[in-house]
Amino acid sequence: MINTADILETIGMIREENLDIRTITMGISLFDCVSDDEDRLCQKIYDKITKNAGRLVSVGEEIAKDYGVPIVNKRVSVTPVSLVGGDLSPDGYMKLARTLDRAADALGINFIGGFSALVHKGMTPSERALISVIPDALAETGKVCSSVNVATTKAGINMDAVAMMGSVIKRAAYLTRDNNSIGAAKLVVFANVPEDNPFMAGAFHGVGEPDSVINVGVSGPGAVASAIRRAGNCDLSELSDVIKKTAFKITRVGQLVANEASRRLGVPFGIVDLSLAPTPAIGDSVARILENMGLEVCGGYGTTAAIAMLNDAVKKGGVMASSHVGGLSGAFIPVSEDEGMIAAAASGALTLEKLEAMTAVCSVGLDMIVVPGDTSEAVICGMIADEISIGVANTKTTAVRVIPAYGKKVGDSVEFGGLLGAAPVMKISESSPAVFIGRGGRVPAPIHSLKN
């Protein structure tokens, strides 16, 4: 039965607490675009993307107007292009990246994801070719996003791929050094990557997905923070219940938008990603939620426990609100995109080591971390290996999106603009894991992966 108070509360969340639909993302399969001729391949890809997603932006705007729900981004994700590139040369993959960017511009979308490779157990020549041009592709294009999956719990960790990604991240940052090394902000390294994630930079259209599909990512940190403030001095069990009920309402909005987008576009509904995705705006911060729960500052002792409880409650509440939940789902902690995280990192209360501990119990990983521009490739590889190991050992998705900002040192700040926000350059350990990384090979899968 419809509850008037719940309707009014949801309206209040939208008007006063920054509740929004962070993204409608259309996933599009490119398998039927395969061709031995690279020009023909690129043309088929362009034609399919622009045909399938031709009404995505206009339908998103119609839904936002009809229901009064802000829809911040309209995006497209495609099949990892290494799977359809065949024997493309690096130059061929550059041509494909330009094609994706041209299609994104024609559609008027915010980002397009899928310039990606899945190399958790090894690399084909096609995947090596693609990875080699990721820095140039991200520097030359404006809307293309890239991801590389280097590990799974079943396969272990491909350390040769980890070693490559340290170099790729450094070069992506260098080639965009005149724009605060933003190229590295459009690249993410994964363990246990989900195939239906609507959020960038990690979105791609998985091999088990339909020809095209609609995935929706919700937000709502401000609504959760307000609900916690209203709850007052209750115990943690009651507080968890408050978070669950709020997450349910937030996710129902996402389900409504997903169903409408699916119906109007004639594309199957995929999943709702019920994540708390922050923005740099005041009042839209996951860090402030943790502080409202009782922490003096995000990053202090108790932070990992608080975000573990928050993540669990968000998932329990959200999963009851949608018939299909997927993607990453939970609480995001991207430093540059969260006003409270920015403040905590700038004050020194939030360190890289504490962020790594938090990633063991929240949704993603070391996200939008800015480090000094002279950070070595080996240190970046070590950061990736550590974070990826958490994902493999815990059978969860983890990721690294780190930006070595050229010309910047600890204490400086880097401004990206928009949803990417700004971040202080964080202090990191300079001790080198080069010999360990240089051993190469594959870290074997953990024993608990043997479940068949």
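In this structure a side-chain-to-backbone donor-acceptor pair under 3.5 Å is missing from R264 to N259. Proximity of a side-chain donor or acceptor of T375 to a complementary backbone N or O of V371 within less than 3.5 Å is not detected. Under a 3.5 Å cut-off, the side chain of S262 and the backbone N or O of A258 do not form any donor-acceptor pair. A donor-acceptor pair is defined here as one N or O able to donate and one able to accept, closer than 3.5 Å; no such pair exists between the side chain of T25 and the backbone of V76. T153 places a side-chain N or O within donor-acceptor distance of the main-chain N or O of V392, the cut-off being under 3.5 Å. No side-chain donor-acceptor contact under 3.5 Å links D412 to the backbone of V425. Between the T359 side chain and the G365 main chain, no donor and acceptor come within less than 3.5 Å of each other. Side chain of T176 to main chain of I182: a donor-acceptor pair is present (N/O by atom type, distance under 3.5 Å, no hydrogens or angles). In terms of modelled atom types and a separation under 3.5 Å, the side chain of N179 and the main chain of S181 share no donor-acceptor contact. D160 places a side-chain N or O within 3.5 Å of a backbone atom of G441 that can act as its donor or acceptor partner.
More than 12 non-hydrogen atoms from other residues, nucleotides or ligands lie less than 6.0 angstrom from CZ of F31. Atom CG of D37 has more than 12 neighbouring heavy atoms from other residues, nucleotides or ligands inside a 6.0 Å radius. Annotation for D87: atom CG does not count as buried by contact number, only 12 or fewer foreign heavy atoms lying within 6.0 Å.
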Enumerate, atom names and distances included, each donor-acceptor pair closer than 3.5 Å involving a side-chain atom of residues 202-211, sequence neighbours excluded.
residue	atom	partner	partner atom	Å
H205	NE2	P210	O	2.6
D211	OD1	K48	NZ	2.6
D211	OD2	K48	NZ	3.4

Sequence neighbours left out, cut at 3.5 Å: what donor-acceptor pairs do the side chains of residues 106-113 make with other protein atoms?
residue	atom	partner	partner atom	Å
N110	OD1	K74	N	2.8
N110	ND2	N73	OD1	3.2

Would you sort out whether V364 and I333 count as a side-chain contact (heavy atoms from CB on, under 4.5 Å), showing the intermediate values? CA-CA 8 Å; V364 193; I333 51 171; over 6 Å; no
Give the intermediate values and the outcome of side-chain contact (heavy atoms from CB on, under 4.5 Å) for residues M164 and M123. CA-CA 11 Å; M164 286 184 69; M123 281 178 276; 3.5 Å; yes
Chi angles and distances behind the salt bridge (charged side-chain N to carboxylate O under 4.0 Å, His left out) call for K65, E62: CA-CA 5 Å; K65 182 179 179 180; E62 289 169 9; over 6 Å; no
Determine, step by step, whether F248 and V319 satisfy the side-chain contact (heavy atoms from CB on, under 4.5 Å) criterion, reporting the C-alpha distance in whole Å, the side-chain angles of both residues, the deciding distance to 0.1 Å, and the verdict. CA-CA 8 Å; F248 177 88; V319 78; over 6 Å; no
Can you check side-chain contact (heavy atoms from CB on, under 4.5 Å) on V272 and H324, steps first, answer last? CA-CA 6 Å; V272 174; H324 298 287; over 6 Å; no
Report the C-alpha distance between R22 and S219 in whole Å, list the side-chain angles of each, state the deciding distance to 0.1 Å, and finish with yes or no for side chain to side chain donor-acceptor pair (under 3.5 Å). CA-CA 6 Å; R22 186 53 46 84; S219 184; 2.8 Å; yes
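When side chains are defined from C-beta on, E260 counts as touching Y67, because their heavy atoms get closer than 4.5 Å. Under the 4.5 Å side-chain criterion, counting only non-hydrogen atoms from C-beta, V193 is not in contact with V148. With a 4.5 Å cut-off on side-chain heavy atoms, P404 and I169 count as touching. A heavy-atom distance below 4.5 Å is not found between the side chains of I384 and V402. The side-chain heavy atoms of S376 and V379, taken from C-beta on, include a pair separated by under 4.5 Å. No side-chain heavy atom of I307 sits under 4.5 Å from any side-chain heavy atom of I289. I157 is not listed as a side-chain neighbour of T152, based on a closest heavy-atom distance of 4.5 Å or more. Between E339 and P278 there is no side-chain heavy-atom pair separated by less than 4.5 Å.
Between the side chains of N149 and H120, at least one donor N or O lies within less than 3.5 Å of an accepting N or O. Inspection of the D39 and Q43 side chains reveals no N or O donor paired with an N or O acceptor under 3.5 Å. For the residue pair Y93 and S126, a side-chain donor N or O sits within less than 3.5 Å of a side-chain acceptor on the partner. Side-chain contact annotation: T124 with E127, donor-acceptor N/O pair under 3.5 Å present. Remark: the T304 side chain and the K354 side chain contain an N/O donor-acceptor pair separated by less than 3.5 Å. Of the N and O atoms on the side chains of N192 and T397, not one donor lies less than 3.5 Å from an acceptor on the other residue. The closest side-chain donor-acceptor pair between S275 and D273 falls under 3.5 angstrom.
Across V370 and A405, no two heavy atoms sit closer than the pair CG1-CB, 3.8 Å. The two residues G254 and I21 make their nearest non-hydrogen contact at CA-CD1, 3.7 Å. The minimum heavy-atom distance between E387 and V400, with the atom names listed, is CB-CG2, 3.5 Å. Contact record, A331 with V286: CB-CG1, 4.4 Å, taken as the closest heavy-atom pair. Nearest heavy atom pair, residue M165 against residue V189, reads CE-CG2, 3.9 Å. Between L130 and S82 the shortest heavy-atom distance is CD1-N, 3.8 Å.
Ionic pairing of R401 and E337 is present here: one or more N-O contacts between side-chain nitrogen and carboxylate oxygen are shorter than 4.0 angstrom. Salt bridge absent: D91 and K95 never bring a charged side-chain N and a carboxylate O closer than 4.0 Å.
Rounded to the nearest 0.5 Å, atoms CD1 (I403) and CG (N180) are 10.0 Å apart. With rounding to the nearest 0.5 angstrom, the CG atom of N197 is 5.5 Å from the CZ atom of F190. In this structure, L100 CG and Y46 OH are separated by 11.5 Å, a value rounded to the nearest 0.5 Å. Summarising the geometry, atom OG belonging to S35 is positioned 9.5 Å from atom CG belonging to L88; distances are rounded to the nearest 0.5 Å. Expressed to the nearest 0.5 Å, how far CG of L310 lies from NZ of K315 amounts to 11.0 Å. Going from atom OG of S147 over to atom NZ of K186 covers 13.5 Å, rounded to the nearest 0.5 Å.
With a 6.0 Å cutoff to the six-membered ring centre and a 45° limit on the axis angle, R171 does not count as a cation-pi contact of Y174.
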